[in-house]
Amino acid sequence: MSTAAEQKEKLAQKIETALREAVACGELPLDSVPKVELEIPRDKDHGDFASNIAMVLAKPAKMPPRSVAALIVKRLDDPMFERVEVAGPGFINFKLSREWLFDLLGRIHRQQEAYGDNDVGQGEKVLLEFVSANPVGPMNVVNARAAAIGDTLARLMRAAGYDVATEYYVNDAGKQADIFGRSLEARYRQLQGEEVVFPADGYPGKYVQALAEKLQNEEADIDAMDEQRRQEFFRQWGTDAMLEMQRRDLADYGVVFDRWFRESELHKQGSLEEIIELFKGRGYMYEDDGALWFRSTQFGDDKDRVIIKQDGSYTYVTADIAYHYDKLKRGHEKLIDILGPDHHGYIGRMKAAVEALGYGRDALEVMILQYVALLRDGQQVKMSKRAGEFITMQDLLDEVGRDAARFFFLMRSPESHLDFDLTLAAEQSNENPVFYIQYAHARICSMLRQAHDAGIPMPDSSAVALDALQHGEELDLIRKMAEFPEEVAAAAWYREPHRLARYGLDFAGLFHSFYTHCRVLGEEREVQDARLVLVGAVQIVLRRVLGLLGVGAPESM
RNA sequence: GCGCCUGUAGCUCAGGGGAUAGAGCAUCGGACUUCUAAUCCGAGUGCCGCAGGUUCGAUUCCUGCCAGGCGCGCCA
């Protein structure tokens, strides 16, 4: 037996064979046979698969499309399909036989939550970097969006046969970390009763004050430190504390990284010097205006980039190049960075860097997320980082909950600018679509609990006469499950997690409809058994969908 | 000025070289003595931003324009 995706591939090959035969017989005047593509029609009246090949070939063959289609159809005779027909302007529609669909149920029960796994990734070693918020403040809602999308993408890609590692890059060495350290020190000293002017460019947020208070209660002989040592202390202690907070918030959100990579490590290891020497040796560097430049325009960037500033310090680009070099040297074949919209200008320079390092431009893939506009009572929530007023990721989770927040982000395509209505998400949480899917799962659990209590076990799918399943609702559910592995593969391949959220909604809808129209418990034995097998399979697939989304699968609601 | 993203139903958004362009919300009308009504069934709405081009076929691809969001640092 096979999944729908494999079935589709086989069918495409059979069509190609049929075409070659027709050409050999002289019935079809063609020089070559193109690759046959199959689609899953939107309208289920058009079958499970459809091919437009006859219309593509009509012109080169100088024949009406329906005639070309007829030549193909008469050469196809496959028991997997109960109907193959020419339709519309020349489509060939294929309808899977019920036997094939019934076999799928057994397959799902055997595979359990491995159903959906596939191999489009072919073991490619991928490093997925996302969120990477600076450790100088709380995470924002775009970070929350990135976390949901990155985490589910990682789950999807693992299911699709990629070898995925996730990483959070910590900018703990730059100017912003210094400013943050000085802000913290100023607050700390103020608490000690000293008259200290808060740095003009410092971070005004209340969280800095809170950190300073926490620091007061810790054992640290700050007064004994010299100037340099003290600055280092505040920066280190502060970013450590922020990092710990971020790690905890993300874990509450269901997002756990394989590795937190600190920029300061790169500096300690001399990684920046290493790439500078490398680029110098390859002639990609030049000096101008007292600074050292990387000739990135040589690799398609808009302008060259400063690597060492006039004052002798490095720019963030330098560390980023070193970081990407480090990722590549660790054996990751594909680097995926998920970034906010303010970083789109970053793509050109980093691709240039990757190329200069001796890798293909395509080794780096950058996904740019768009902004999230928060609405409350229909009004856009104005945020000011300067004034220290903004909705943090944690505020968002407190207000709408983890499942709703994740799902809301995952429903939208990554590049859409999205409106997040807090009032709606919080007050009308009953109507949040995520509950629609969870409710389907809870309904099944409740039903199976009652079956169990009544001494009705889950029947062995191979021992049940599944042709008791005859209703459209029943067969639609199975067809939808047949599409699942391909859906996982597509979502991973195109890096579009929202496909999964949509699939979940559609699938849950089919189940609710089935539930309303077809009773399970108390039906005559054959029907009850067959439907239990069906419902059991639906439960498995729902669990998998929710698991990939990182959303809970409640057993009751 | 240059770059990225967006423009589809009243609202929020999917879709996508093909067959009557979809969902949720909102509006209206039905369905609970039976496995959870957080559910189901039914009803309507669209110059798919505008104009050209490619194609057997464009809402989808290309170009230009218009509108909105965001970038364009020796900040990250």
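Letters A, B, ... are given to chains in the order of the sequence lines, protein chains preceding strands, and every chain is numbered from 1.
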Exercise. Given Tyr168(A) and Phe130(A), is the ring-ring contact (aromatic ring centres under 6.0 Å, His included) satisfied, shown in steps?
Worked result: CA-CA 6 Å; Tyr168(A) 187 120; Phe130(A) 55 103; 8.3 Å; no
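Environment of CH2 in Trp260(A): crowded, with over 12 heavy atoms of neighbouring residues, nucleotides or ligands closer than 6.0 Å. Within a 6.0 Å sphere centred on CD of Gln236(A), other residues, nucleotides and ligands contribute more than 12 heavy atoms.
A sub-4.0 Å separation between OP1 or OP2 of A37(B) and a side-chain N or O of Arg443(A) is present. Taking side-chain N and O atoms only, Ser513(A) has a distance below 4.0 Å to OP1 or OP2 of C41(B). Of the side-chain N and O atoms in Thr516(A), none sit less than 4.0 angstrom from OP1 or OP2 of A31(B).
A straight line from OH of Tyr515(A) to C1' of A37(B) spans 10 Å, rounded to a whole angstrom. Distance, Phe49(A) CZ to A19(B) P: 19 Å, rounded to whole Å. The separation between Arg412(A) atom CZ and U6(B) atom P is 15 Å, rounded to whole Å. When rounded to the nearest whole Å, the span between CG of Leu510(A) and C1' of A23(B) equals 13 Å. The distance between atom CG of Leu534(A) and atom P of C35(B), rounded to the nearest whole Å, is 19 Å. Distance NE2 (His498(A)) to P (A14(B)): 7 Å, rounded to an integer number of Å. Remark: P of C32(B) and CZ of Arg519(A) are 16 Å apart, rounded to the nearest angstrom. As rounded to whole Å, 16 Å separates atom P of C35(B) from atom NE2 of His512(A).
Side-chain proximity of Gln450(A) to C41(B), G69(B), C35(B): nearest is C35(B). Residue His46(A) places its side chain closer to U20(B) than to any other of C35(B), C13(B), U20(B).
Using a 4.0 Å heavy-atom distance criterion, Ser132(A) is classed as making no nucleic acid contact. Backbone-only engagement by Arg502(A) is indicated by non-hydrogen atom pairs under 4.0 Å involving sugar-phosphate atoms exclusively. Within the 4.0 angstrom heavy-atom criterion, base atoms lie near Cys518(A). Among the atoms of the strands shown, base atoms are found under 4.0 Å from some heavy atom of Ser446(A). Ile444(A) comes within 4.0 angstrom of no nucleic acid atom, judged by non-hydrogen atoms across all strands. If you check every strand for non-hydrogen atoms under 4.0 Å, Ala87(A) touches a base. Nucleic acid contact class of Asp301(A) (heavy atoms, under 4.0 Å, all strands): none. No engagement by Ala440(A) is indicated, since no non-hydrogen atom pair under 4.0 Å with the nucleic acid exists.
Taking the P atom of each, A21(B) and U12(B) are spaced 23 Å apart, rounded to whole Å. Nucleotides C65(B) and C28(B) are separated by 46 Å at their P atoms, to the nearest Å. Nucleotides C47(B) and G7(B), compared at atom C1', are 14 Å apart to the nearest Å. Separating the C1' atom of G53(B) from that of G17(B) is a span of 15 Å, rounded to the nearest Å. For the C1' atoms, the distance from C74(B) to U59(B) is 47 Å, rounded to whole Å. Rounded to whole Å, the separation between the P atoms of C40(B) and U6(B) comes to 31 Å. Remark: the separation of the C1' atoms in G68(B) and C50(B) is 15 Å, to the nearest Å. Nucleotides A14(B) and C61(B) have their P atoms positioned 15 Å apart, rounded to a whole Å.
Not counting sequence neighbours, the partners of Leu510(A) by the side-chain contact (heavy atoms from CB on, under 4.5 Å) test are Asp476(A), Leu477(A), Lys480(A). Taking Phe409(A) as the reference, Phe420(A) meet the ring pair (Phe, Tyr, Trp, His ring centres under 6.0 Å) condition, with sequence neighbours excluded. For Tyr371(A), the ring pair (Phe, Tyr, Trp, His ring centres under 6.0 Å) test picks out no residue, with sequence neighbours left out. Looking at residues two or more places apart in sequence or on another chain, you find no ring pair (Phe, Tyr, Trp, His ring centres under 6.0 Å) involving Phe407(A). Among residues two or more places apart in sequence or in another chain, the ring pair (Phe, Tyr, Trp, His ring centres under 6.0 Å) test is passed with His344(A) by none.
A cation-pi arrangement is not found for Arg83(A) relative to Phe94(A), the charged atom failing to lie both closer than 6.0 Å to the ring centre and inside a 45° cone about the ring normal.
For residues 407-420 of chain A, the pairs satisfying side chain to side chain donor-acceptor pair (under 3.5 Å) are Arg145(A)-Ser416(A), with sequence neighbours left out.
A salt bridge between Asp529(A) and Arg525(A) is present, with a side-chain N of the basic residue lying under 4.0 Å from a carboxylate O of the acidic one.
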For this session: Encode nucleotides 71-76 of chain B as B, S and - characters from 5' to 3', where the letter depends on protein heavy atoms closer than 4.0 Å: B to the base, S only to sugar-phosphate, - to neither.
Result: B-SBBB
What side-chain donor-acceptor pairs closer than 3.5 Å can you find for residues 171-180 of chain A, not counting sequence neighbours?
residue: Asn171(A); atom: ND2; partner: Glu263(A); partner atom: OE1; Å: 3.3
residue: Asp172(A); atom: OD1; partner: Glu263(A); partner atom: N; Å: 3.3
residue: Asp172(A); atom: OD1; partner: Ser264(A); partner atom: N; Å: 2.8
residue: Asp172(A); atom: OD1; partner: Ser264(A); partner atom: OG; Å: 3.3
residue: Asp172(A); atom: OD2; partner: Arg262(A); partner atom: NH1; Å: 3.1
residue: Asp172(A); atom: OD2; partner: Ser264(A); partner atom: OG; Å: 2.6
residue: Gln176(A); atom: OE1; partner: Asn134(A); partner atom: ND2; Å: 3.0
residue: Gln176(A); atom: OE1; partner: Tyr203(A); partner atom: OH; Å: 3.4
residue: Asp178(A); atom: OD1; partner: Arg235(A); partner atom: NH1; Å: 2.9

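In terms of polar N and O atoms assigned as donor or acceptor, the side chain of Asn52(A) never comes within less than 3.5 Å of the base of A19(B) in a complementary pairing.
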Problem set entry | Watson-Crick or G-U pairs under 3.5 Å in RNA chain B, rendered as dot-bracket with [ ] for crossing pairs and | for another strand | (((((((..((((....[...)))).(((((.......))))).....(((((..]....))))))))))))....
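Nearer the 5' end of RNA chain B, as judged by each residue's closest nucleotide, is the contact made by Leu418(A), out of Val520(A) and Leu418(A).
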